[in-house]
Amino acid sequence: MPVRQARPARSAPIHGREVRGKPANGRKPGVGRPDKQASRGRDSRHFAALDLGTNNCRLLIARPQGEGFAVVDAFSRIVRLGEGLAKSGRLSDAAIDRTIVALKICAEKLKRRNVTLSRAVATEACRRAENGAEFIARAYAETGILLDIITAEEEARLAVLGCHTLIEPGEDPALVFDIGGGSTELVLVDTRGEVPHVLDWHSAPWGVVSLTESAGHGPPGADGGADGRAAAYAQMRSLVANSMASFAARLPRGIAVPRLLGTSGTVTTLASVHLGLTHYDRSQVDGLIVPAAAMRRISLDLSSKDLNERAQLPCIGTERADLVVAGCAILETILDLWPAERLGIADRGIREGILRRLMESSS
């Protein structure tokens with residue numbers, strides 16, 4: 001059965017301060033802090049983080065609250081910026097137009113909320129596309145949002161910073177992964193100190209969009225039936241395994257209880273299926289811990305269904321039906337190289353990591 005953590009598995013220290021709960025320096029609340037009026041001034045400021053991925057455009061606006069933050073506004077839309085990128089090497093005009101529309105909505109929210117400090121980042125699609133820089137320039141000209149194309153390493157570190165409070169307690173290294181649209185980041189972390197220390201990381205060039213476009217099966221009638229779908233899934237697993245082989249060889253052996261935390265639409269969607277939800281509910285999914293064997297069973301079941309059958313499932317629908325199988329293939333491959341019995345689920349990541357850095361830098 002799934003397990004819900006009553007509170008984060010460990011507090012979230014950042015540079016000597018904890019995001020929630022008692023401060024890392026042991027001071028009582030209010031001791032050694034600015035006066036109440038100054039504190040209210042700080043807490044009234046709004047910060048924003050925008051994460052433009054290969055598949056999604058996501059915005060989070062928050063204000064400081066105690067040692068953490070309170071969400072003021074949010075936005076998420078599937079834009080599929082990287083659609084067709086695997087074949088053409090370019091962002092398509094249609095994908096760019098969809099994304100610009102979403103960015104204009106984000107720009108309006110930033111203006112309406114009087115955001116003090118913000119950061120907008122773009123990831124794999126813009127890193128890989130020949131016209132990535134052209135898109136960034138157009139987005140800035142039409143929306144006023146300046147996107148920063150970050151490296152895969154920074155993407156991985158931001159994801160860990162945003163979600164590591166949900167790592168289960170333990171002494172051995174833990175593995176955190178983020179299955180994106182165009183790539184998958186894996187980060188091995190040491191959680192024994194106040195701040196999780198990155199021991200190793202790897203970026204695989206396969207995400208749910210890029211893998212689907214390269215090896216996914218077609219629609220019903222053109223997918224080869226059950227045998228064709230099984231063959232396509234096996235090919236996906238092989239491609240991902242090969243891309244992660246060098247990292248797998250570096251991973252420590254003999255871990256008594258491997259700890260695993262995933263942050264992505266794939267793991268939150270599969271967790272929703274596991275819970276039998278009729279619609280997505282972040283409050284039930286974020287922080288959930290599920291048996292890895294159950295996630296494998298769901299992955300195999302989804303990979304055997306055709307596109308129409310997957311689209312009928314709650315929390316998948318038509319928007320995710322074509323991409324979810326690639327996510328399942330990536331997840332199963334990660335479970336092969338890091339055989340944890342339990343999988344932590346995080347509906348948080350890069351945006352939360354950006355917000356913590358912004359608030360830390362301005363305090």
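By convention here, the first residue in the shown sequence is residue 1. Remember, predicted model here, so these are calculated numbers, not experimental data.
- A heavy-atom distance below 4.5 Å is found between the side chains of I350 and V121.
- Within a 6.0 Å sphere centred on CG of D93, other residues, nucleotides and ligands contribute 12 heavy atoms or fewer.
- E352 places a side-chain N or O within donor-acceptor distance of the main-chain N or O of G349, the cut-off being under 3.5 Å.
- For the pair W201/L186, no side-chain contact is recorded, criterion being any heavy-atom separation below 4.5 Å from C-beta on.
- Sparse packing is recorded around CD of E341, with 12 or fewer heavy atoms of other residues, nucleotides or ligands lying under 6.0 Å away.
- The shortest side-chain heavy-atom distance between L331 and F177 falls under the 4.5 Å cut-off.
- Residues T54 and L81 form no side-chain contact, since every pair of their non-hydrogen atoms from C-beta on lies 4.5 Å or further apart.
- Applying the ring pair (Phe, Tyr, Trp, His ring centres under 6.0 Å) rule to Y280 yields no partners; only residues at least two apart in sequence or on another chain are considered.
- Listed by chain and number, the residues in a salt bridge (Lys or Arg N to Asp or Glu O under 4.0 Å) with E124 are R127, R128 (sequence neighbours excluded).
- A donor-acceptor pair under 3.5 Å is absent between the side-chain atoms of D347 and the main chain of D286, judged by distance alone.
- Using modelled atom types, one side-chain atom of H46 and one backbone atom of R113 make a donor-acceptor pair closer than 3.5 Å.
- Tracing side-chain contacts under 4.5 Å through hydrophobic residues (I, L, V, M, F, W, Y), one reaches L277 starting from V324; they form part of the same cluster.
- Looking only at distances, no side-chain donor or acceptor of N56 sits under 3.5 Å from a matching main-chain atom of R58.
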Review point. Could you go step by step and tell me if N131 and E134 meet the side-chain hydrogen bond (donor to acceptor under 3.5 Å, both in side chains) rule?
Key: CA-CA 5 Å; N131 58 338; E134 297 172 20; 4.9 Å; no
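- A heavy-atom distance below 4.5 Å is found between the side chains of L337 and L175.
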Exercise for review: Just do the side-chain hydrogen bond (donor to acceptor under 3.5 Å, both in side chains) check on R138 and T143 with the steps written out, would you?
Suggested key: CA-CA 8 Å; R138 178 182 166 187; T143 70; over 6 Å; no
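- Of the possible polar contacts, none joining the R119 side chain to the A48 backbone as a donor-acceptor pair under 3.5 Å is found.
- In this structure a side-chain-to-backbone donor-acceptor pair under 3.5 Å is present from R229 to S304.
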